[in-house]
Amino acid sequence: MRLAVLLLAACSGSNLGSKLDTAESVPSGTTGDADADADADADTDADTDADADVDTDTDTDTSLPLRSLILSEVCDDVGGAELSWVELYNAGTTAIDLGDYSLRVYRDGGVEADEIVLPASGLSPGDVWVVASEGHEADFRDTWGTDADQYGPVRLDGDDTVVLFDGAYTVDAYGEVGEAAGAPWDYTDATAARAADVRMGQSIWQESEWTLTAGNSAGSPGRHPADATSTPGTTVTTDPSEAVVMISEVVDHADEASIKYVELYNAGDDPVMLSGWVLRRYSNGGVSPGEVGLTGVIEAGGTFLVVGSSGADAFRAAYGLDADQTSGTINGNGNDTYELVSPLGPVDIYGVIGEDGLGTAWDYTDAVATRLARSDAPEPVWSARSWSVTAGAGAASPGIHPADPGPGGTTSTPTTPAGPGTLLITEVVDHADVSSIKFVELYNPGPDVADLSRWAIDRYSNGGVSPTTVGLSPVLVGARETWVIADSRGDEEFLVEYGFDADQYSGTINGNGNDVYVLTLDGADMDTYGEVGVDGVGTAWEYTDRVARRELAVTIPRVVWSAGEWRIIDGAADATPGER
């Protein structure tokens, strides 16, 4: 509805008079003089006591609730998607009845307003209320993964002023009534966010209290920075240079095709406001990504789940929890790359931009790609060493990162002693081109942490039956993590070839293609590559100048070597130390 500003005072004055008339009461059976005296007494009381009471309340209680409902974000639609919205925040200490307030939008420098009446609903301290453009509910839902609290005639164009009213009184304002485009508060194709420390509304717009960021992806409807954590008193990180957020799981569900999701993990010590962060998906080897503007907060040591919107219901049914955000952009089919981008630029990545993932080391078709717990920092260039890819859906653990010691999670620093866990040999290499590079890869299929101090590797040379033993380093290996032991005589060559050091070096790891490796636990044989007492030359397990790799489906160690569990690959190009 259109309202003329000049009419507001008249309307409010009329209402005030009506309230005073209603408050006056005339006792029955009194004379006209009595009526006059009563009116005079009533007027005197109203002028004296009532005014004093109002002044007292204003100084102590009333003004803070009146001004503690503030505008916290204002967003113009971007790219014609009609995603404009206004966010309100209760910065006070008591609940607020929204029914006492209204929003008015003054368009293009005009002095008449569209009014949006807020519903009679209580807004608790620290809560927000989002009003978005009506008629575009689906666009808002697809972008932000949730509904706005209310839809109305918002449709902001960047030069529209938004004013919050309590009756006839201005409580807070973004912009200046009568001023149009080009003003300092112009938010065309941008999001204006209120500083987290603002606790009281301003009837005149204050530039110092607002930050303008281009694009709607900078917004965070439903979460104001001052209320960014469920733990009162905790500092929320809004500076992306201080954040340690990374991709921790990427899933293309093997059994339910609609379930696809990306899990983020906060390895830092403080909650992080994701406003301004973007998750990009590069499809089928392309270089032009689709984007998801992230919104909300990721707690310290916590995860944040972004789920494909078409599979949100199936995700809930499969795992018993809701996504933190949904988007149609999250639709990776195993060959797509995901990149996490902060307001400062690319932060972390799964896959390789411009490369179709099918058949690569990071192919996650019908599989679960899990960040290893030892990878404690984001990497803008994908590293196979930081990831484990497991076929099927059984390894998926949305909401639980291996580094997170929460319920169901594992951690590299447990509060109770770790058991021996389970280990198996997954790769044996005698490098075809660099003779000093020889290594054995071990893998923990989970779900428990493995204490390597109880494990060892025996090497039987040239058909011998008396092994040389190397004890493993006294460290813990988390679920779905690898441990690579390489020949110490080729440590420099290993680093040059693969770009990182092996987890452990030993001169005992010197197999020349005919040597047997046996993995032992407390001295007992647990897993074997080759046949003890047999020279491997000419056998099915000979790995001279080759790569021997365990099939991904194998998760149980085997004392007797089985040819069906292994692939023997000529050359060295297919060696993938640290990747499973």
Side-chain angles (χ1 to χ4, degrees), residues 70-75 85 87-91 123-130 132 140-141 143-149 191-199 211 213 215-249 261-279 291-307 312 321-327 330 340-344 347-348 377-378 398-401 403-407 409:
I70 64 173
L71 299 168
S72 50
E73 282 190 282
V74 178
C75 181
W85 43 271
E87 180 188 82
L88 303 175
Y89 174 66
N90 181 356
L123 188 67
S124 299
D127 279 355
V128 296
W129 186 265
V130 178
F140 187 96
R141 190 181 306 116
T143 300
W144 301 110
T146 184
D147 270 310
D149 299 295
T191 300
R194 198 72 167 267
D197 59 354
V198 175
R199 288 291 182 271
T211 299
T213 307
N216 59 19
S217 62
S220 59
R223 179 75 75 166
H224 182 55
D227 182 48
T229 174
S230 58
T231 307
T234 302
T235 301
V236 178
T237 299
T238 56
D239 182 353
S241 67
E242 298 177 356
V244 189
V245 179
M246 56 189 180
I247 300 170
S248 51
E249 196 167 48
Y261 70 84
V262 176
E263 177 191 81
L264 305 179
Y265 175 67
N266 180 2
D269 296 326
D270 296 311
V272 174
M273 172 63 71
L274 292 177
S275 174
W277 293 64
V278 172
L279 189 60
E291 291 191 349
V292 182
L294 300 179
T295 177
V297 169
I298 181 169
E299 302 289 347
T303 59
F304 189 93
L305 295 165
V306 190
V307 178
L321 68 159
D322 284 311
D324 295 290
Q325 191 170 340
T326 61
S327 172
I330 305 302
L340 179 63
V341 182
S342 83
L344 299 179
V347 171
D348 198 24
I400 302 173
H401 180 54
D404 177 16

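Numbering starts at 1 and runs along the sequence shown.
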Test log, rule side chain to side chain contact (heavy atoms under 4.5 Å, CB included), inputs L88 and L71: CA-CA 5 Å; L88 303 175; L71 299 168; 3.3 Å; yes
How far apart are the C-alpha atoms of N266 and E299, what are their side-chain angles, what is the distance that settles it, and do they pass the side chain to side chain contact (heavy atoms under 4.5 Å, CB included) test? CA-CA 7 Å; N266 180 2; E299 302 289 347; 5.8 Å; no
Residue pair L340, L294: steps toward the side chain to side chain contact (heavy atoms under 4.5 Å, CB included) verdict: CA-CA 10 Å; L340 179 63; L294 300 179; 4.0 Å; yes
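Here the closest non-hydrogen pair linking E87 and S72 is OE1-OG, 2.6 Å. When every heavy atom of P398 is checked against every heavy atom of L321, the shortest pair comes out as O-CD1, 4.3 Å. In terms of heavy-atom proximity, A148 sits nearest to F140 at N-CE2, 3.5 Å. Contact record, G268 with A300: O-CB, 3.6 Å, taken as the closest heavy-atom pair. Pairing each heavy atom of T326 with each of A312, the nearest pair is CG2-CB, 4.0 Å. Between V307 and A323, the closest heavy-atom pair is CG2-CB, 3.3 Å.
Rounded to the nearest 0.5 angstrom, S342 OG and D348 CG are separated by 11.0 Å. One finds the CH2 atom of W85 at 5.5 Å from the OG1 atom of T191 (value rounded to the nearest 0.5 Å). Note that OH of Y265 is 13.5 Å distant from CG of L305, once rounded to the nearest 0.5 Å. A distance of 9.0 Å separates CG of L264 from CG of D324, quoted to the nearest 0.5 Å. For the atom pair OG1 (T303) and CD1 (I298), the distance works out to 6.5 Å, reported to the nearest 0.5 Å.
In this structure a side-chain-to-backbone donor-acceptor pair under 3.5 Å is present from N90 to S124.
F304 places none of its side-chain heavy atoms less than 4.5 Å from the side chain of V245.
Remark: A193 pairs with E73 by the side chain to side chain contact (heavy atoms under 4.5 Å, CB included) rule, at least two apart or across chains. Y261 meets the ring pair (Phe, Tyr, Trp, His ring centres under 6.0 Å) test with F315; sequence neighbours excluded.
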